[in-house]
Amino acid sequence: MKAYYKDIWRTVKHNKKRFFSLMLITILGVTMLSGLRAACRDLRITADAFYDEQNLYDICVVSTLGLTDEDVQALAALAEIEKAEGTYSETVKVWIGEQNKSAQIKLISEEGINTPYVQEGQLPTKADEIAVTKNFLEVTGKQIGDTVVIDEEEETSKEEDSNEEVTPNFKVTEYTITGVVLDAANVNSQQEMMSFRSNSSADYTFFVLPEAVESDIYTAVYLTVKDSKDLQCYSDAYEKKIQGIVDKINTELKEEREQARYDAITGEALEELADAKAEADEEFAKADKEIADAKKELADARTELEDGKVELEDARKELADARAEIEKSKAELADGIKQLEAGQAELDQEREKLVQSENELASLAGMPGMDITAMQQQIEAGKAELDAAQATLDAKRQELKAGQAKLAKGEAELVEGEAKLADSEEELLSGETELLDGEAELKENEEKLEQERKDAYQEIADAEAEINDIEMTEWYIQDRSSISSYANIESDADCIESVGRAFPIIFFTVAILIGLTTITRMVEEERGLIGTYKALGFSDSEIRRKYLLYAGSASIIGGIIGDICGFIVLPKIIFVIFAVLYELPEYMYTFDAVYGIGGVVLFAG
């Protein structure tokens with residue numbers, strides 16, 4: 001029997017090429033059978049371990065109208081939920097040189113959900129600190145300790161493409177970088193050539209503390225499920241467990257919470273609208289009263305102005321009558337002066353005649369026999385008459401002087417009255433101008449008020465229409481498959497596994513053909529040796545066992561080497577590719593006994 005096994009060893013030595021070719025095809029076959037699947041399995045296990053370590057959410061709930069603390073409490077009350085936490089996320093602007101880039105700011109969970117993986121430095125501990133991703137530092141050249149300035153936008157992140165109301169206000173716009181992190185919900189490579197694999201609309205991802213944000217509305221609620229970490233996240237059992245909870249949320253909570261949020265939004269909006277309408281009514285009523293008061297004041301002013309015009313016209317008429325009376329008095333006074341002057345002239349002529357008579361009488365007085373007594377008496381009587389006439393003229397002259405003084409005073413009063421009339425006319429004209437300006441201004445203000453009233457009530461009507469147009473709240477309950485990198489890992493693993501199912505079949509077929517060809521040729525070449533075995537008393541099964549041991553030993557050795565290559569070497573090579581696609585910190589190597597032993601048995605058999 002010792003010679004029998006020595007002959008088998010001799011056969012192996014003399015047919016090394018055939019032995020190694022059979023072993024090589026087995027190595028390749030087992031490597032492809034176990035290695036491709038092992039690499040995919042290791043990728044899933046590595047990702048699962050990373051997700052468990054960073055406590056990635058199992059379920060994410062987003063809403064078209066945002067979420068509230070009441071929603072979080074309702075979700076947390078489910079028996080299957082381990083933790084429920086509301087979170088905020090907003091896309092902001094970041095200036096890099098002269099380029100405007102976008103960054104999605106997320107909050108670091110107080111419950112430890114979706115904890116970012118720290119690659120360098122540490123997570124923020126203050127409201128003015130921030131953690132950034134590696135690609136941001138690579139592009140900007142910044143380092144830990146540098147500052148980042150954000151410019152808040154009026155929009156929400158794509159993850160919560162829900163509602164314009166969901167707009168968290170950041171208390172701080174300038175942050176100090178404390179660490180470099182990897183987003184647990186996005187392990188896709190951030191290299192530009194791999195950007196097509198990401199579903200994020202933002203260029204970068206930042207993390208800040210909840211203290212940096214002011215908002216009573218959440219953009220999402222993250223849920224972790226009890227005992228979910230005990231299951232491999234890409235397994236059917238995990239997916240079935242999560243889907244059951246998603247279905248429960250859909251049936252027990254979704255409709256009720258959607259209606260509650262819709263009622264809160266519309267009710268609050270309608271209440272604010274009613275308050276705005278009441279305030280507008282009050283303001284416009286006040287404005288209408290002011291307009292009415294202004295109209296009354298202008299009407300009173302118009303009446304007063306018209307009365308002033310009548311009084312002015314009466315005064316003008318009185319002045320005209322006074323002017324006519326003065327002119328008449330002037331004429332009468334002029335006639336009196338003329339008569340006075342004529343009487344004085346006549347009186348002077350008579351006085352001259354009387355003087356001449358006295359002179360003649362004086363010349364006759366020396367003449368004898370002349371009796372001048374009668375003549376003297378007559379002259380004295382003439383003098384007396386002239387003196388009386390002179391006194392009458394003097395009295396008349398005094399009367400005329402008094403009339404002239406009175407007329408001068410009346411004329412002065414008339415001039416003063418005319419001046420006052422002119423001032424009154426100017427004042428009346430100014431008042432009418434002011435009144436017209438006031439009426440024009442009132443009309444303009446009235447038109448402006450009506451336009452403002454129309455605009456305000458139109459705005460209220462538009463707001464009411466917008467409220468009525470608000471669509472019913474819609475909850476979107478998503479599992480991890482909504483995460484781009486999570487789905488990419490599953491997709492990539494499935495694609496490689498589909499290749500891994502085809503290649504072993506080819507290698508197995510080739511191995512069968514090579515094995516049959518090798519053994520057939522060896523049997524043909526060793527016919528004489530086989531005859532010698534029979535002559536020595538070896539049975540057919542013993543002779544057949546020699547060749548089976550030859551082929552089996554090549555297959556077993558090749559299978560063992562193939563397992564080593566399949567569970568270590570090939571995954572290590574594939575992990576180089578995965579390292580380009582993903583930013584997982586490290587990859588785990590595992591051994592699948594079914595495929596490892598089964599592959600050896602399959603090819604050895």
Compare all side-chain heavy atoms of I113 with those of T87 and state whether any distance is below 4.5 angstrom.
no
Does the side chain of S102 come within less than 4.5 Å of K93's, by heavy atoms?
no
Report yes if some heavy atom in the side chain of T147 is under 4.5 Å from a heavy atom in the side chain of I177; otherwise report no.
no
As a quick check of understanding, evaluate side-chain contact (heavy atoms from CB on, under 4.5 Å) for K134 and E138, giving each step before the final call.
CA-CA 6 Å; K134 185 188 297 182; E138 291 174 349; 3.4 Å; yes
Is a donor from one side chain sitting under 3.5 angstrom from an acceptor on the other, for E464 and N468?
no
Value rounded to 0.5 Å, distance of CG in D203 from CD in Q99
9.0 Å
Considering non-hydrogen atoms only, spot the tightest contact between I144 and G179 and give its length.
CD1-CA, 4.1 Å
Residues L305 and G431: closest non-hydrogen pair is CD1-C, 4.4 Å
Parallel, tilted or perpendicular: which one describes the rings of F206 and F136, with boundaries at 30° and 60°?
perpendicular
More than 12 non-hydrogen atoms from neighbouring residues, nucleotides or ligands closer than 6.0 Å to NZ on K171, yes or no?
yes
With distance as the sole criterion, is a donor-acceptor pair present between the side chains of Q458 and D462 under 3.5 Å?
yes
Please step through side-chain contact (heavy atoms from CB on, under 4.5 Å) for the pair Q451 and D455, ending with a clear verdict.
CA-CA 6 Å; Q451 185 62 45; D455 293 341; 2.9 Å; yes
Might you confirm whether atom CD of Q119 has over 12 heavy atoms from other residues, nucleotides or ligands at distances under 6.0 Å?
yes
Backbone N/O of W475 and side chain of E258: donor-acceptor pair under 3.5 Å:
yes
Gap separating the SG atom of C60 from the CD1 atom of I477, nearest 0.5 angstrom
10.5 Å
Salt-bridge contact D183-K106 (side-chain N to carboxylate O under 4.0 Å)
yes
Does a donor on one side chain sit under 3.5 Å from an acceptor on the other, for E70 and T68?
yes
Atom pair CG (L270) and NZ (K277), whose distance is rounded to the nearest 0.5 Å:
13.0 Å
Over 60° means perpendicular and under 30° means parallel, so tell me whether Y57 and Y222 are parallel, tilted or perpendicular.
parallel
If we count only N and O atoms by modelled type, under 3.5 Å, do the side chains of Q73 and D69 hold a donor and an acceptor together?
no
Residues A389 and L347: closest non-hydrogen pair is CB-CD1, 3.6 Å
Looking at OG of S430 and CG of D437, how far apart are the two atoms once the value is rounded to the nearest 0.5 Å?
9.5 Å
Work out which heavy atom in R261 is nearest to a heavy atom in L65; give both atom names and the distance.
NE-O, 2.8 Å
SB check E432 K309 (cutoff 4.0 Å)
yes
Which residue, E282, E290, K289, forms the side-chain contact (heavy atoms from CB on, under 4.5 Å) with K286?
E290
Hydrogens and angles aside, do S63 and E474 bring a side-chain donor and acceptor to less than 3.5 Å of each other?
no
Gap separating the CG atom of L449 from the CZ atom of F284, nearest 0.5 angstrom:
6.0 Å
Looking only at atom types and distance, does a side-chain atom of D146 sit under 3.5 Å from a main-chain N or O of K142, one as donor and one as acceptor?
no
Assess whether side chain to side chain donor-acceptor pair (under 3.5 Å) is satisfied between D335 and Q339, documenting all intermediate values.
CA-CA 6 Å; D335 290 341; Q339 291 178 2; over 6 Å; no
Between T173 and D151, does the side-chain contact (heavy atoms from CB on, under 4.5 Å) criterion hold? Intermediate values first, please.
CA-CA 7 Å; T173 57; D151 182 10; over 6 Å; no
Counting heavy atoms not belonging to K396, are there more than 12 under 6.0 Å from its NZ?
no
Distance in Å, L107 CG paired with T219 OG1, rounded so as to fall on 0.5 Å steps:
7.5 Å
Would you check if the side chain of E85 reaches a backbone N or O of E110 as a donor-acceptor pair within less than 3.5 Å?
yes
For E452, does the CD atom have more than 12 heavy-atom neighbours from other residues, nucleotides or ligands under 6.0 Å away?
yes
So, for S485 and N186, which heavy atoms are closest and what is the spacing to 0.1 Å?
OG-CA, 3.6 Å
Between T178 (side chain only) and Q122 (backbone N and O only), is there a donor and an acceptor less than 3.5 Å apart?
yes
Side chain to side chain donor-acceptor pair (under 3.5 Å) for E129 and T125? Distances and angles first, verdict last.
CA-CA 7 Å; E129 294 180 344; T125 57; 3.1 Å; yes
Check this for me: does any side-chain nitrogen of one of K317 and E313 sit under 4.0 Å from a carboxylate oxygen of the other?
no
Any heavy-atom pair between the side chains of L75 and I81 that's under 4.5 Å?
no
Contact check, side chains of V181 and Y117, non-hydrogen atoms, under 4.5 Å:
no
Please check if the number of heavy atoms outside E255 that lie under 6.0 Å from its CD is greater than 12.
no
Between T224 and N55, do the side chains contain an N or O donor and an N or O acceptor separated by less than 3.5 Å?
no
Quiz: residues 295-303 side-chain donor-acceptor pairs under 3.5 angstrom, not counting sequence neighbours:
residue : atom : partner : partner atom : Å
K295    : NZ   : E446    : OE2          : 2.9
K296    : NZ   : D300    : OD2          : 3.3
R302    : NH2  : E439    : OE1          : 3.4
R302    : NH2  : E439    : OE2          : 3.4
T303    : OG1  : A299    : O            : 3.0

Worked check of side-chain contact (heavy atoms from CB on, under 4.5 Å) between W95 and K101
CA-CA 6 Å; W95 288 95; K101 296 291 185 178; over 6 Å; no
T176 and I130, any side-chain heavy atoms less than 4.5 Å apart:
no
For the residue pair S484 and N188, what are the closest heavy atoms and their distance?
OG-ND2, 3.2 Å
With a 4.0 Å cut-off, would you call R453 and E450 a salt bridge?
yes
Regarding Y218 and D71, do their side chains bring together a donor and an acceptor under 3.5 Å, going by distance alone?
no
Does CD in E306 sit with more than 12 non-hydrogen atoms of other residues, nucleotides or ligands closer than 6.0 Å?
yes
Identify whether the distance between the nearest side-chain nitrogen and carboxylate oxygen of E341 and K338 falls below 4.0 Å.
no
Say whether, by atom type as modelled, one donor and one acceptor occur between the side chain of T266 and the main chain of Y262 under 3.5 angstrom.
yes
Taking the basic N atoms (NZ, or NE/NH1/NH2) and the acidic carboxylate oxygens, is any pair closer than 4.0 Å for D394 and R397?
yes
Does some side-chain heavy atom of I108 sit less than 4.5 Å from a side-chain heavy atom of P124?
yes
Could you check if a side-chain atom of L67 sits within less than 4.5 angstrom of a side-chain atom of V61, using non-hydrogen atoms only?
yes
